Amino acid sequence: MKILIACEFSGIVRDAFLRHGHDAYSCDILPTESKPERHFQEDIFEVLKREKFDLMIAHPPCTYLTVTGNKWMKPEFSERFPNRAQQRQEAIEFFLKLANAPIEKIAIENPVGIISTAWRKPDQYIHPYQFGDPHSKKTGLWLKNLPLLKPTKVVEPEFHIYKDGRRDPIWHFESMNLPPLERMKFRSKTFAGIAEAMSNTWG
């Protein structure tokens, strides 16, 4: 199949499909971390205007979509973030434009967020620890003409425990001291076990 991994700079999902013999490409406004010949560094919708794909897996930015960002929508933060409502609406429209792309098979992943009410609930939720990576990160999958992912290797998730007893997923805790751009990039990457499950199930 000819496959597009939208909003991916790491190449993790793209490379999983390449290993299975597919004609796979990634696309992001950031440069890729590997195989630049397999990466479109441009607007995803410009790519879709000129290229045809059998399958698209999209990872739209979640900054304005996730429930953890709801607190910034409160009136007391209106002066600090005056454009938050507009930014959220634009993020929803971007997500829906991906969902309605003229491609037979589509998967869109995103954390728990506004899309469940702005559009529809995801077809399933998954965690990395269901696929061999010891991390907790609840992620929704919105699917079109694709089967659900089945857990491949369930392991125990790891957490950082604060002195007051609060738990933080270890991947989240370890990224807290990174510079903003590097933290964003680190947190947006797909875990290898999920990428392999996607390529095995949907490839």
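Predicted model only: the values in this text are computed from it and were never measured.
- In terms of modelled atom types and a separation under 3.5 Å, the side chain of S26 and the main chain of F9 share no donor-acceptor contact.
- Shown here are the side chain to side chain donor-acceptor pair (under 3.5 Å) partners of E174, two or more places apart in sequence or in another chain: there are none.
- The stretch residues 149-161 participates, sequence neighbours left out, in no salt bridge (Lys or Arg N to Asp or Glu O under 4.0 Å) pair at all.
- Counting only residues at least two apart or in different chains, side chain to side chain donor-acceptor pair (under 3.5 Å) contacts with residues 46-59 comprise K2-E51, E42-R50, E46-K49, H59-E109.
- To the nearest 0.5 Å, atom OG of residue S34 and atom CZ of residue R14 are 4.0 Å apart.
- For E182, there are no side chain to side chain donor-acceptor pair (under 3.5 Å) partners at least two apart in sequence or on another chain.
- Taking the ring-ring contact (aromatic ring centres under 6.0 Å, His included) definition, one finds that H20 meets it with nothing, sequence neighbours left out.
- Residue pairs meeting the side chain to side chain donor-acceptor pair (under 3.5 Å) criterion with at least one partner in residues 120-147, sequence neighbours excluded, are R120-D123.
- Pairs passing the salt bridge (Lys or Arg N to Asp or Glu O under 4.0 Å) check and including a residue from residues 191-203, sequence neighbours excluded, read R19-E196.
- Think of L143 as one node in a network of Ile, Leu, Val, Met, Phe, Trp and Tyr side chains linked at under 4.5 Å; its network also takes in M1, I3, I5, V13, F17, L55, I57, I126, F131, L141, L146, L148, L149, I194, M198, W202.
- Under a 4.5 Å side-chain heavy-atom cut-off, the cluster of Ile, Leu, Val, Met, Phe, Trp and Tyr residues that includes I29 has no other member.
- With respect to L4, the side chain to side chain contact (heavy atoms under 4.5 Å, CB included) criterion is satisfied by exactly one of D23, I106, L48, I103: L48.
- A distance of 13.5 Å separates CD1 in I114 from SG in C62, rounded to the nearest 0.5 Å.
- For D164, the side chain to side chain donor-acceptor pair (under 3.5 Å) partners at least two apart in sequence or on another chain are R166.
- A salt bridge does not link E90 with K97: every distance from a Lys NZ or Arg NE/NH1/NH2 to an Asp or Glu carboxylate oxygen is 4.0 Å or more.
- Under the rule for a ring-ring contact (aromatic ring centres under 6.0 Å, His included), F159 has no partner lying at least two apart in sequence or in another chain.
- At least one donor-acceptor pair under 3.5 Å links the side chain of H39 to the backbone N or O of L30.
- Residues S175 and R183 have side chains that never bring a donor and an acceptor to within less than 3.5 angstrom of each other.
- Residues V154 and P151 come closest through the heavy atom pair CG2-CB, 4.1 Å.
- Shown here are the ring-ring contact (aromatic ring centres under 6.0 Å, His included) partners of F45, two or more places apart in sequence or in another chain: F94.
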Could you go through the side chain to side chain contact (heavy atoms under 4.5 Å, CB included) check for H172 and H160 one step at a time? CA-CA 9 Å; H172 189 269; H160 174 81; over 6 Å; no

